[in-house]
Amino acid sequence: MQEQEAKAYFSKELLAWYRVQKRDLPWRRSRDPYHIWVSEVMLQQTRVETVKPYFERFVALFPTVDALARAPEETVLKAWEGLGYYSRARNLQSAAREVSERYGGTVPDTKERFAALKGVGPYTAGAVMSIAFNRREPAVDGNVMRVLSRYFCIEEDVAKGGTRAMMERLQYELIPEGEASDFNQAIMELGALVCTPKSPHCLTCPVMERCAGRLEGKEESLPIKTKAKPPRPEYRACALVVSEDGGSVLLRKRPATGLLADMWELPHVEFAAMGWPAAMADAAVGDALAGWLGAELGPEASGAVRPAEPVGVAEHTFSHIHWNLRVHRLTAAAAEGAPLREPYRWVDRAGMEVHPLPNVFVRLLKAEGFIPA
DNA sequence: AATCCGGGGTT
DNA sequence: AACCCAGGATT
């Protein structure tokens with residue numbers, strides 16, 4: 001049957017190509033399932049080149065499941081600072097604590113047990129089971145969806161759940177006996193190096209001859225995917241309050257759930273939540289922001305917070321929200337000695353080393369000279 | 001099935 | 001300016 005030949009050809013040629021072309025990546029130098037696990041979580045929605053330095057630092061800081069389990073959450077978040085999707089770090093540590101307590105620190109080698117851990121979905125479960133334990137499990141990520149949809153000319157919407165399930169069955173069939181680890185890495189490697197999203201490099205592809213998508217001239221229009229909604233705009237006023245001596249900055253800790261959970265940040269407030277017009281002039285923003293922050297900090301500080309000067313606009317786009325931050329420098333001299341209400345805190349430069357901040361605020365503090373660039 | 005959850009590199 | 005990246009949790 002022609003279909004079976006196309007599948008056997010794909011598996012054989014891809015595996016041969018991978019043995020020659022595989023990249024030397026930090027997590028490929030380890031056989032430790034914990035290291036493979038950490039790498040897979042970091043690689044969720046994140047590029048290889050971005051992950052490399054984070055992975056090296058993370059496994060140096062937390063070499064074992066038990067070490068990660070014992071660490072303070074803030075230390076883990078600090079090691080994750082700048083990577084994004086911070087719930088990955090919190091879930092990974094939560095899962096490490098479960099593995100430490102329930103399995104004595106040994107990563108479970110069955111899909112059922114491993115997949116039950118926090119932050120481990122169908123992809124990560126399949127990836128760690130196949131790569132670390134060579135178990136025959138599919139691991140369908142964006143690369144696999146793209147490669148399979150092109151090679152087999154599958155025109156289903158890859159954003160649909162049913163398409164993913166179909167891809168998992170297909171990938172399972174393609175795994176050569178005893179080759180799950182290399183094969184799953186090979187198909188992802190092909191997607192990353194050759195079968196790229198735009199303008200795939202078909203002339204260097206090991207399975208070009210029998211690629212149905214290319215033979216149909218559809219290699220650039222596949223995979224078919226419904227496009228995401230554009231992020232909604234949020235207009236916010238943001239306070240940069242540096243202490244009189246210039247040594248500390250006013251930060252606050254975010255709530256334990258939702259956007260940027262448990263991270264630290266400069267105080268800010270949404271215009272719409274305060275009934276302020278989005279087009280408010282700088283002077284008015286400074287006054288309104290000072291009034292708001294004074295009330296936030298409590299009766300002792302109320303009235304002590306004063307506007308100083310507009311700093312400018314900082315913009316930051318999340319996948320679903322676009323922040324437009326009107327940043328103002330404020331003074332709060334009279335409030336510096338008074339006790340601060342939760343979740344606010346004065347943080348000095350040494351303290352910045354242990355408080356995890358989203359990149360948008362790190363950039364802001366560097367631009368304003370509070371953190372060395 | 002939608003929506004929420006970061007940040008940045010490619011084209 | 002899109003697009004999308006070795007996705008998962010929540011609703």
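Every chain is numbered from 1, with letters handed out A, B, ... down the list of sequences.
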Tell me whether the rings of A:F55 and A:W27 are parallel (<30°), tilted (30 to 60°) or perpendicular (>60°).
perpendicular

Should the pair A:E265-A:R254 be classified as a salt bridge under the 4.0 Å nitrogen-to-oxygen rule?
yes

To the nearest angstrom, how far is [X] atom [atom1] from [N] atom [atom2]?
X      : N     : atom1 : atom2 : result
A:K227 : C:dA2 : NZ    : P     : 9 Å
A:H322 : C:dA2 : NE2   : P     : 13 Å
A:W323 : B:dC4 : CH2   : C1'   : 14 Å
A:L43  : C:dG8 : CG    : C1'   : 15 Å
A:R88  : C:dC5 : CZ    : P     : 14 Å

Go through [options] for me and flag the one nearest to the [X] side chain.
X      : options              : answer
A:R232 : B:dT11, B:dC4, C:dC4 : B:dC4
A:K229 : C:dC5, B:dT3, B:dC5  : B:dT3
A:Y123 : B:dT3, C:dA6, B:dG6  : C:dA6
A:S319 : C:dA9, B:dG6, C:dC3  : B:dG6
A:Q44  : C:dG8, C:dA6, B:dC4  : C:dG8
A:I321 : B:dC5, C:dA6, B:dG7  : B:dC5

Using OP1 and OP2 only, check whether a side-chain N or O of [X] sits under 4.0 Å from [N].
X      : N     : value
A:R90  : C:dA9 : no
A:R164 : B:dA1 : no
A:Y86  : B:dG7 : yes
A:N143 : C:dA6 : yes
A:H320 : B:dC5 : yes
A:T50  : C:dC5 : no
A:R363 : B:dG8 : yes
A:H316 : B:dG6 : no

Is the closest side-chain donor-acceptor distance between A:W264 and A:E74 under 3.5 Å?
yes

So A:R28, base contact, sugar-phosphate only, or nothing? Heavy-atom distance under 4.0 Å.
base

Joint hydrophobic cluster, A:M274 plus A:V305, side-chain heavy atoms closer than 4.5 Å
yes

Tested for ring pair (Phe, Tyr, Trp, His ring centres under 6.0 Å) against A:F271, the lone hit among A:W276, A:Y235, A:W292 is A:W276

